[in-house]
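Both backbone and side-chain heavy atoms feed into the values below; hydrogens, waters and symmetry mates do not. Letters A, B, ... mirror the listed sequences (proteins, then strands); counts begin at 1.
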Amino acid sequence: MSVRVRFAPSPTGALHIGGVRTALFNYLFAKKNSGTFILRIEDTDQGRFVPGAEQYIQEALKWCGIEPTEGQGYGGNFVPYRQSERKDLYYQQAKILLEEGKAYYAFDTESELEHMRDRLANEGIPAPKYDATVRMNMKNGLTLSIEETQKLLAADTPFVIRLKVDPGDSIQFTDIIRGDVVFDTAELDDKVLIKADGMPTYHLANIVDDHFMEITHVIRGEEWISSAGHHILLYKAFGWDHPEFAHLPLIMRPDGKGKLSKRDGAKFGIPVFPISWNGETPEDSFEGFREYGFEPEAVINFLAFLGWNPGTDQEIFSLEELVDAFDLSKVHKSGARFDIEKARWYNQQYILNMSAEELESRMVKSKIELVSDKEKSRNIINLYKERVHFLKEMPLQADYLMHEPNTVDEAALKKHWKPGLEPKIVEFTNALSETNYVNASELEAIAKEKLKEFGLKPGEVFPIYRLALAGGLQGPTVFEMLEILGKEGFSRIIRRIEEFSNLTI
RNA sequence: GGCCCGUUCGUAUAGAGGCCUAGGACGCCUCCCUUUCACGGAGGAAACACGGGUUCGAAUCCCGUACGGGCUACCA
């Protein structure tokens with residue numbers, strides 16, 4: 001049987017980076033096994049539904065390069081892939097359980113449920129649950145006569161359908177990542193399967209869809225492991241084989257205190273979403289990895305290494321290489337902290353290893369402007385690709401190659417300026433500007449030669465050049481700067497040396 | 001509180017009983033290259049949570065403790 005996995009997010013807002021990692025691992029596992037990666041939209045909570053979230057999910061996966069080949073927005077043999085459009089199916093399935101006595105109607109109102117919880121809390125039970133020990137005291141199909149139940153149903157009394165979980169059993173399953181996991185049915189509550197609004201809960205919809213969509217492996221976050229017991233029970237109740245399970249470790253906050261959440265983005269000054277999300281309020285709007293300046297390959301590489309690694313020293317992996325190396329059973333069990341420094345390093349590595357042509361086209365796509373002249377633009381990129389972590393830093397750092405700076409690092413100037421030397425430097429500059437050179441390294445050779453003729457030391461001239469050309473001490477060699485600036489470079493030096501001598505008087 | 005899961009340098013990790021004097025990476029520090037920054041190179045500080053077992057031998061297997069995380073909704 002061929003591998004079929006699904007990524008099944010809820011359209012409740014922007015897709016969190018942890019969700020992207022779940023999608024990635026599903027994608028890698030599918031590709032590795034020549035299987036199918038499916039997108040299913042779990043929109044069973046009408047209260048939390050957010051318009052636009054579904055499109056966001058598709059766009060985000062596309063940007064990351066891990067698009068599904070089947071599912072909502074992609075088609076397939078199991079349409080529809082939106083759970084809200086499969087509502088009838090879930091109800092039909094719940095009825096089967098009802099008829100077999102594996103589920104029951106419950107009519108308890110919210111206040112009755114609250115009452116029950118309060119009562120049990122007073123008895124010293126900290127987290128009361130609707131289970132075998134309390135259900136006979138509640139208003140449901142087990143305590144009411146068949147006639148009473150029918151009457152309530154006929155009168156359109158709001159109801160839910162609950163799974164009847166009986167104590168005394170132990171449920172065991174083998175998780176691909178975690179090994180054997182065991183639950184005692186006495187610990188499990190009578191989970192709601194169908195809500196009062198007629199929608200299924202996650203638990204029912206999930207099992208029904210995974211079964212009918214012929215999902216072979218359920219790869220999801222660790223937050224689901226506790227409900228896996230219910231899921232197994234449900235598969236048993238239906239008489240279906242359950243798929244394989246793999247519960248992924250969570251991505252933790254940078255300080256390790258809990259799982260990463262959307263609010264942590266603002267708190268730690270880090271992106272937690274793949275691409276920006278514009279909610280209705282500023283508090284609900286977030287900058288994404290894309291807008292932060294990350295290249296998708298770097299994000300994927302970084303994410304892949306959160307909780308998994310190939311067991312070799314190689315750290316830079318293309319998507320194809322990840323597919324090749326990926327092994328679900330080598331995924332870690334414990335949560336991995338989000339480390340923005342490592343993410344930055346990945347991004348730098350990707351920039352460093354890309355051609356100027358590639359970087360230029362990416363900059364055009366992201367509307368990062370350098371200069372219109374293609375050759376000049378590529379020269380600048382080649383100079384700066386090893387000096388930035390993000391492409392958007394380039395126009396800032398290389399600004400002096402496009403406009404003459406109007407400030408100067410005065411402390412640095414004071415340190416390097418030798419009064420009285422300026423006529424000689426100007427003379428040297430004039431001489432240098434008249435030489436014929438084809439590139440920076442040739443210019444450098446000529447300059448060093450000429451320096452001796454003029455009796456000047458490199459340290460007396462080049463820092464001043466740097467300050468004159470760029471306004472600061474940092475950057476590529478002055479010869480590389482001059483190669484790009486051409487004649488303008490020399491005249492800028494002479495012009496600014498004049499300014500400097502006024503400044504330092 | 002209960003249940004489930006986990007724990008190797010600051011971080012992400014290698015490690016499947018002897019190859020471990022615990023390896024490489026990010027970050028940090030020193031040095032080299034150099035007119036500066038960066039890249040690159042050389043080096044450094046830095047970890048098996050603790051306590052018991054099992055074994056000739058434990059980071060690795062078992063038990064306990066501590067600590068951390070997840071779940072504990074008519075949310076997913």
Side-chain angles (χ1 to χ4, degrees), chain A residues 8-12 19 42-45 47-48 83 106 108-110 113 117 124-130 158-162 175 177-179 181-184 186-189 191-203 205-206 220-229 247 249-250 252 254 256-259 302 305-316 332-346 348-349 352 383-389 397 409 412 416 444 457-467 470 472-479:
Chain A
S10 259
T12 55
E42 310 224 326
D43 54 347
T44 54
D45 187 346
R48 292 207 307 156
Q83 290 186 329
D108 314 278
T109 64
E110 210 161 304
L113 287 172
R117 291 194 190 102
I125 300 169
K129 46 189 194 299
Y130 200 119
F159 68 88
V160 301
I161 298 175
R162 285 183 184 270
D175 188 282
I177 295 168
R178 278 150 219 284
V181 180
V182 183
F183 295 98
D184 187 334
E187 301 291 339
L188 272 30
D189 66 346
K191 276 261 175 294
V192 170
L193 264 18
I194 298 283
K195 300 184 272 189
D197 66 1
M199 278 290 192
T201 55
Y202 169 87
H203 308 289
N206 198 263
R220 68 219 319 186
E222 195 198 342
E223 69 266 35
W224 292 110
I225 203 164
S226 304
S227 39
H247 289 93
L250 265 13
M252 313 294 283
K257 292 178 181 164
K259 60 175 176 177
F302 167 68
F305 272 67
L306 243 34
W308 171 84
N309 88 85
T312 66
D313 282 348
Q314 187 184 345
E315 296 213 68
I316 303 296
H332 277 224
K333 298 182 178 96
S334 51
R337 288 195 207 186
F338 181 100
D339 180 11
I340 192 73
E341 285 303 327
K342 191 81 183 214
R344 278 165 57 84
W345 175 78
Y346 272 113
Q348 181 190 39
Q349 290 300 308
L352 204 50
L383 240 39
Y384 273 90
K385 68 175 192 175
E386 65 190 35
R387 288 168 228 268
V388 297
H389 284 87
Q397 290 203 23
D409 180 342
H416 291 279
E444 180 170 3
K457 289 176 197 156
E460 294 171 326
V461 179
F462 298 135
I464 300 298
Y465 268 28
R466 183 173 293 286
L467 258 4
L473 244 28
Q474 302 182 334
T477 67
V478 291
F479 312 106

Those residues at least two apart in sequence (or on a different chain) that pass side chain to side chain donor-acceptor pair (under 3.5 Å) with A:Glu315 are A:Lys342
Rounded to whole angstrom, note down the P distance from B:rA73 over to B:rG68.
23 Å
Residues passing the salt bridge (Lys or Arg N to Asp or Glu O under 4.0 Å) test with A:Asp45, sequence neighbours excluded, are A:Arg48
Return a single string for nucleotides 60-67 of chain B, one symbol per nucleotide in 5' to 3' order, where B is base contact, S is sugar-phosphate-only contact and - is none, cutoff 4.0 angstrom on heavy atoms.
--------
Please list, chain by chain and in numerical order, all residues satisfying side-chain contact (heavy atoms from CB on, under 4.5 Å) with A:Ser227, sequence neighbours excluded.
A:His203, A:Trp224, A:His231
Nucleotide B:rC5, atom P - distance to CD1 of A:Ile177 in whole Å
14 Å
Where do N or O atoms of nucleotides 74-76 of chain B meet protein N or O atoms at under 3.5 Å, pair by pair?
{"from": "B:rC74", "atom 1": "OP2", "to": "A:Arg162", "atom 2": "NH2", "distance (Å)": "3.4"}
{"from": "B:rC74", "atom 1": "O2", "to": "A:Ala196", "atom 2": "N", "distance (Å)": "2.7"}
{"from": "B:rC74", "atom 1": "N4", "to": "A:Asp108", "atom 2": "O", "distance (Å)": "3.0"}
{"from": "B:rC75", "atom 1": "OP2", "to": "A:Lys195", "atom 2": "NZ", "distance (Å)": "3.2"}
{"from": "B:rC75", "atom 1": "O2'", "to": "A:Asp45", "atom 2": "OD2", "distance (Å)": "2.7"}
{"from": "B:rC75", "atom 1": "O2'", "to": "A:Arg48", "atom 2": "NE", "distance (Å)": "3.4"}
{"from": "B:rC75", "atom 1": "O2'", "to": "A:Arg48", "atom 2": "NH2", "distance (Å)": "3.3"}
{"from": "B:rC75", "atom 1": "O2", "to": "A:Arg48", "atom 2": "NH2", "distance (Å)": "3.2"}
{"from": "B:rA76", "atom 1": "OP1", "to": "A:Thr44", "atom 2": "OG1", "distance (Å)": "2.9"}
{"from": "B:rA76", "atom 1": "OP1", "to": "A:Lys195", "atom 2": "NZ", "distance (Å)": "2.7"}
{"from": "B:rA76", "atom 1": "OP2", "to": "A:Tyr202", "atom 2": "N", "distance (Å)": "3.2"}
{"from": "B:rA76", "atom 1": "O3'", "to": "A:Ser10", "atom 2": "OG", "distance (Å)": "3.0"}
{"from": "B:rA76", "atom 1": "O3'", "to": "A:Glu42", "atom 2": "OE1", "distance (Å)": "3.3"}
{"from": "B:rA76", "atom 1": "O2'", "to": "A:Ser10", "atom 2": "OG", "distance (Å)": "2.9"}

Can you name the atoms? Protein N/O to nucleotides 1-4 of chain B N/O, anything below 3.5 Å, with the distance.
{"from": "B:rG2", "atom 1": "O2'", "to": "A:Glu187", "atom 2": "OE1", "distance (Å)": "3.4"}

Determine the interatomic distance between C1' on B:rG24 and the same-named atom on B:rC9; round to the nearest Å.
12 Å
Could you give the distance separating B:rC56 and B:rG15 at their C1' atoms, to the nearest angstrom?
22 Å
Got a list of protein N/O to nucleotides 17-23 of chain B N/O distances below 3.5 Å?
none

Base, backbone or nothing for each nucleotide of nucleotides 42-51 of chain B, written B, S, -, heavy atoms under 4.0 angstrom, 5' to 3'?
----------
Could you pull out all residues at least two apart from A:Leu352 that satisfy side-chain contact (heavy atoms from CB on, under 4.5 Å)?
A:Gln349, A:Glu386
My understanding is that only residues two or more places apart in sequence, or in another chain, count here; which of them pass salt bridge (Lys or Arg N to Asp or Glu O under 4.0 Å) with A:Lys129?
A:Asp131
Rounded to the nearest angstrom, tell me the gap between atom CD in A:Gln474 and atom C1' in B:rC37.
5 Å
Distance check, C1' atoms only: B:rC20 and B:rA47, in whole angstrom units.
13 Å
Residues at least two apart in sequence or cross-chain that pass side-chain contact (heavy atoms from CB on, under 4.5 Å) with A:Glu444, listed by chain then number, are A:Lys448, A:Phe479
Show the distances under 3.5 angstrom between N or O atoms of the protein and N or O atoms of nucleotides 27-34 of chain B.
none

B:rU11 phosphate, OP1 or OP2, under 4.0 Å from A:Arg337 side-chain N/O:
yes
